Amino acid sequence: MNYVILVSDFSNHSENSISAFLFSQALLSAGHILKNVFFFYNGVFDANKMLILPSDRFNASLEWENLSNIHNIPLYVCSSASLERGIFSHNELKNIDHVKFVNLSSSFKFIGYTEWLLDVVQCDRLIQF
């Protein structure tokens with residue numbers, strides 16, 4: 001089966017992102033296809049490379065990046081939700097005068113909600129965490 005995962009909460013605030021990660025690992029281990037993971041609302045904070053977490057905390061950004069690299073899974077971040085929460089890519093560095101740094105982790109990609117929905121309609125299951 002083809003799955004799309006939606007993460008709508010930050011791993012520091014709830015277990016949702018961690019559960020989404022573990023569920024994604026289980027999907028892949030069972031031979032299912034994970035088309036992409038979409039980070040929405042506060043879930044976009046998991047794509048912020050500037051967050052410094054204590055060593056005993058789950059580093060969602062790093063774990064998602066590793067999973068993406070191993071299994072070639074796109075990690076999408078809602079562009080409008082990210083901008084509202086101060087997460088910027090290289091495009092914002094060029095287009096917004098007061099933005100001075102990029103803090104979007106390199107394995108994550110900004111996309112619009114509508115663009116992401118095109119993948120959703122082609123999957124068998126959408127699972128939200």
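Here the structure is a predicted model, which means the values were calculated and not measured.
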Can you measure from [atom1] ([X]) to [atom2] ([Y]) and round to the nearest 0.5 angstrom?
X	Y	atom1	atom2	result
I70	L28	CD1	CG	10.0 Å
N72	L67	CG	CG	11.0 Å
K49	S107	NZ	OG	10.5 Å

Tightest non-hydrogen contact, residues D9 and S17, listed as O-CB, 3.8 Å
Nearest heavy-atom contact between F108 and D46 is CZ-O, 3.8 Å
Between [X] and [Y], is there shared hydrophobic-cluster membership here, with clusters defined by ILVMFWY side-chain heavy atoms closer than 4.5 Å?
X	Y	result
V120	I5	no
V37	F21	yes
Y41	I18	no
F23	F39	yes
I87	I111	no

Check your understanding: Would W64 and S24 count as a side chain to side chain contact (heavy atoms under 4.5 Å, CB included) if you check the C-alpha gap in whole Å, the side-chain angles of each, and the deciding distance to 0.1 Å?
Key -> CA-CA 10 Å; W64 282 116; S24 297; 3.6 Å; yes
Open item on the list: Once side-chain contact (heavy atoms from CB on, under 4.5 Å) is applied, do any residues pair with L62, and if so which ones, sequence neighbours excluded?
Closed with: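 Per chain and number, L62 pairs via side-chain contact (heavy atoms from CB on, under 4.5 Å) with N59, N66.
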Could you pull out all residues at least two apart from S19 that satisfy side-chain contact (heavy atoms from CB on, under 4.5 Å)?
->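 Residues passing side-chain contact (heavy atoms from CB on, under 4.5 Å) with S19: E15, F129.
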Point to revise | ILVMFWY clustering at 4.5 Å (side-chain atoms), partners of I33 | key: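 The other cluster members (ILVMFWY side chains, heavy atoms under 4.5 Å, direct or chained): none.
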L104 versus V77: any side-chain heavy-atom pair under 4.5 Å? yes
query = If we only count heavy atoms from C-beta on, is the W116 to V4 side-chain gap below 4.5 Å?
reply = yes
Residue set satisfying ring-ring contact (aromatic ring centres under 6.0 Å, His included) with F40, at least two apart, ordered chain then number -> F38, Y113
Residues at least two apart in sequence or cross-chain that pass ring-ring contact (aromatic ring centres under 6.0 Å, His included) with Y3, listed by chain then number, are H32
Sequence neighbours excluded, the answer for side-chain hydrogen bond (donor to acceptor under 3.5 Å, both in side chains) partners of E65 is S105
Can any side-chain N or O of S68 pair as donor or acceptor with the backbone N or O of I73 at less than 3.5 Å? yes
Residues pairing under side-chain hydrogen bond (donor to acceptor under 3.5 Å, both in side chains) where one sits in residues 118-129, two or more places apart or in two chains, turn out to be S8-Q128, N36-D119
